Amino acid sequence: MRPRIILGIETSCDETAAALLVDGKIISDRTTRQTMHEQYGGVVPELASRAHERLLAPAIDGVLADAGMKITDIEAVAVTYGPGLAGALLVGVALAKGLAAALNIPVYAVNHIEGHIWAVEMSLMGNRADESGCQLRRVDSPDALVEWLPMPFLGLIVSGGHTILLRVEGFRCYVKLCSTRDDAAGELFDKVGRMLGLAFPAGADIDRLALNFKDKPFYFPRARFTDQQPAFSFSGLKTAVSHYLKNHPELFDVEGNASDAARRMICRGVMESVADMLVWQVGHFLAGGDYRALVIGGGVSASQFLRRHWERLAADYRIPLFIPPPQHCTDNGAMVAYTGWKMALAGIPPAIDSLAVEPALSLFKSLV
Ligand code: KG4
Ligand code: ZN
């Protein structure tokens with residue numbers, strides 16, 4: 001019997017998240033971002049694991065209370081088992097396995113990147129599909145799998161850990177087109193944020209500062225590869241910002257803080273460079289393919305600045321654009337529960353007792 005009520009658990013990095021889905025629709029959803037990492041300028045793995053231990057059980061109690069359900073109502077658990085921080089993943093996987101054993105229910109092992117791919121479909125399923133007026137349409141594919149987004153679509157996952165472009169032909173039918181050769185786009189934002197004295201994670205602040213700069217910013221370089229292979233690269237941009245700041249000490253006050261005007265100008269320059277690199281590569285594949293939609297996910301897809309570029313690009317190619325609402329761009333438990341639900345629909349067997357965390361899990365390893 002396919003499970004209808006699914007608890008999703010996400011603890012791969014610094015968000016402790018749980019959600020309840022009934023028939024693929026979000027009933028309750030709680031995400032706590034661990035703020036203690038801010039003072040260190042990055043996620044401290046040991047602190048993240050300890051915070052997950054403290055926060056996860058209350059998050060599950062919270063989503064059950066919000067939904068007016070009891071723990072025994074849950075029919076399956078879906079949990080992120082990779083990629084991510086080993087100790088952090090372990091907290092979620094251990095709790096999921098314990099719950100599944102105690103309640104005698106299946107546990108679905110979800111790949112975090114796959115969760116980001118389907119986050120927008122899940123958000124649209126969340127009762128807003130009808131009123132959104134978007135192109136969401138139920139398509140019953142020949143193998144009885146339910147698909148809602150137009151296929152094939154070009155999928156871009158941009159987060160703190162990944163920048164990967166995919167051709168998606170259906171659930172579990174993914175072709176990798178290219179990825180970053182060094183830093184992920186979100187990682188670049190967080191590193192530039194540290195140079196500018198912004199709180200971690202810095203992506204949302206950089207986005208806001210970039211939008212507030214109306215002048216002509218400094219032109220930072222865009223990475224291109226001499227081997228002509230499609231790929232992303234953001235570490236050169238990070239180095240360019242670092243050199244620029246070293247060469248312009250006048251941008252900092254006596255305490256070493258960059259002025260607001262300098263921050264806005266640099267964030268705008270960085271965002272324009274990132275937008276160009278992402279748009280070039282995505283445009284390259286849209287031009288050469290038969291894609292019926294552009295789907296974006298991951299924390300960086302919450303950027304309002306980048307969204308303007310995506311909208312223009314999708315309009316140029318006359319295809320619909322799908323991006324989740326901000327709370328489902330960044331890490332959340334609902335996308336994990338939703339992916340578990342799709343796995344159950346597709347007849348993918350639940351994990352067995354030996355389920356272990358896989359910190360370096362690739363998207364494609366989950367498919368074999
Ligand atoms: O998907 P996510 O929550 O975690 C990972 O799987 O990595 O993405 C986190 C990343 C961080 O690097 C953060 O700075 C970035 O997403 N981010 C943003 C925005 N909100 C979060 N980047 C740009 N604009 C935003 N509004
Ligand atoms: Zn993520």
Side-chain angles (χ1 to χ4, degrees), residues 8-17 19 29 31-35 37-38 41-43 45 48 52 79-85 88-89 92 110-120 122-123 155-164 179-180 183-196 198-212 232 234-235 237-238 267-268 270-275 277-278 296-310 323-336 338-339 359-363:
I9 295 176
E10 160 61 44
T11 63
S12 66
C13 194
D14 57 341
E15 265 96 7
T16 309
D29 186 12
T31 303
T32 308
R33 199 171 65 71
Q34 304 172 359
T35 50
H37 305 288
E38 280 174 14
V43 179
H52 285 310
V79 62
T80 302
Y81 77 113
L85 300 169
L89 290 164
V110 173
N111 183 309
H112 183 82
I113 307 171
E114 195 170 24
H116 278 306
I117 297 175
W118 298 106
V120 71
M122 177 266 303
S123 305
L156 174 68
I157 303 306
V158 259
S159 69
H162 301 92
T163 306
I164 178 167
S179 61
T180 179
D183 291 354
E187 189 179 354
L188 162 82
F189 291 150
D190 298 336
K191 287 175 176 170
V192 166
R194 188 147 35 159
M195 294 179 212
L196 294 174
L198 302 174
F200 173 86
D205 278 345
I206 291 182
D207 190 36
R208 184 179 43 78
L209 289 160
L211 285 167
N212 285 337
F232 299 107
F234 299 102
S235 77
L237 176 54
K238 171 188 68 190
C267 290
R268 179 65 177 236
V270 167
M271 268 293 186
E272 290 198 349
S273 174
V274 170
M277 287 190 273
L278 291 172
I296 309 184
V300 174
S301 62
S303 162
Q304 291 300 315
F305 186 89
L306 293 175
R307 185 178 290 250
R308 293 180 184 177
H309 286 76
W310 305 130
I323 306 178
Q327 73 274 20
H328 293 142
C329 289
T330 46
D331 292 349
N332 63 88
M335 70 182 192
V336 178
Y338 187 75
T339 306
L361 182 68
S362 91
L363 176 62

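Ligands are counted one by one from 1 in listed order, and the atoms in each one are counted from 1 as well. As the structure is a prediction and not an experimental result, all values here were calculated from the model. Along the sequence shown, residues carry numbers from 1.
Contacts with ligand 1 closer than 4.0 Å are made by no heavy atom of Q304, backbone or side chain. Counting heavy atoms under 4.0 Å from ligand 1, residue T330 touches it through both backbone and side chain. The part of D207 lying near ligand 1 is the side chain, judged by heavy-atom distances below 4.0 Å. Contacts with ligand 1 closer than 4.0 Å are made by side-chain heavy atoms of H116 only, the backbone lying farther away.
Formation of a donor-acceptor pair under 3.5 Å by the E114 side chain with backbone atoms of H116 is not found in this model.
Proximity to P201 (heavy-atom distance under 4.0 Å) selects the following atoms of ligand 1: 13 (C), 14 (O). Annotation for ligand 1: atoms under 4.0 Å from non-hydrogen atoms of H112 are 6 (O). Interface atoms of ligand 1 facing G161, defined by a heavy-atom separation under 4.0 Å, are 7 (O). Set against the non-hydrogen atoms of G186, the atoms of ligand 1 under 4.0 Å away are 12 (O). Atoms of ligand 1 found under 4.0 Å from any heavy atom of A302 (numbered from 1 in listed order, with element): 26 (N).
Compare G203, S301, G160 by their heavy atoms: the one nearest to atom 23 (C) of ligand 1 is in G203.
The shortest heavy-atom contact between L278 and L306 is CD1-CD1, 4.2 Å. In plain terms, the two heavy atoms of R33 and P201 that are nearest each other are NH1-CD, 3.1 Å.
Not one N or O of M271 is nearer than 3.5 Å to an N or O of ligand 1, by distance alone.
Here the Zn ion (ligand 2) is the vertex; the NE2 atom in H112 and the NE2 atom in H116 give an angle of 90° (to 10°).
Counting protein heavy atoms only, atom 20 (N) of ligand 1 is closest to G299 O, 3.5 Å.
Side-chain contact check for P83 versus I113: some heavy-atom pair is nearer than 4.5 Å.
Between H309 and F305, the ring planes are tilted. Angles from 30° to 60° get that label.
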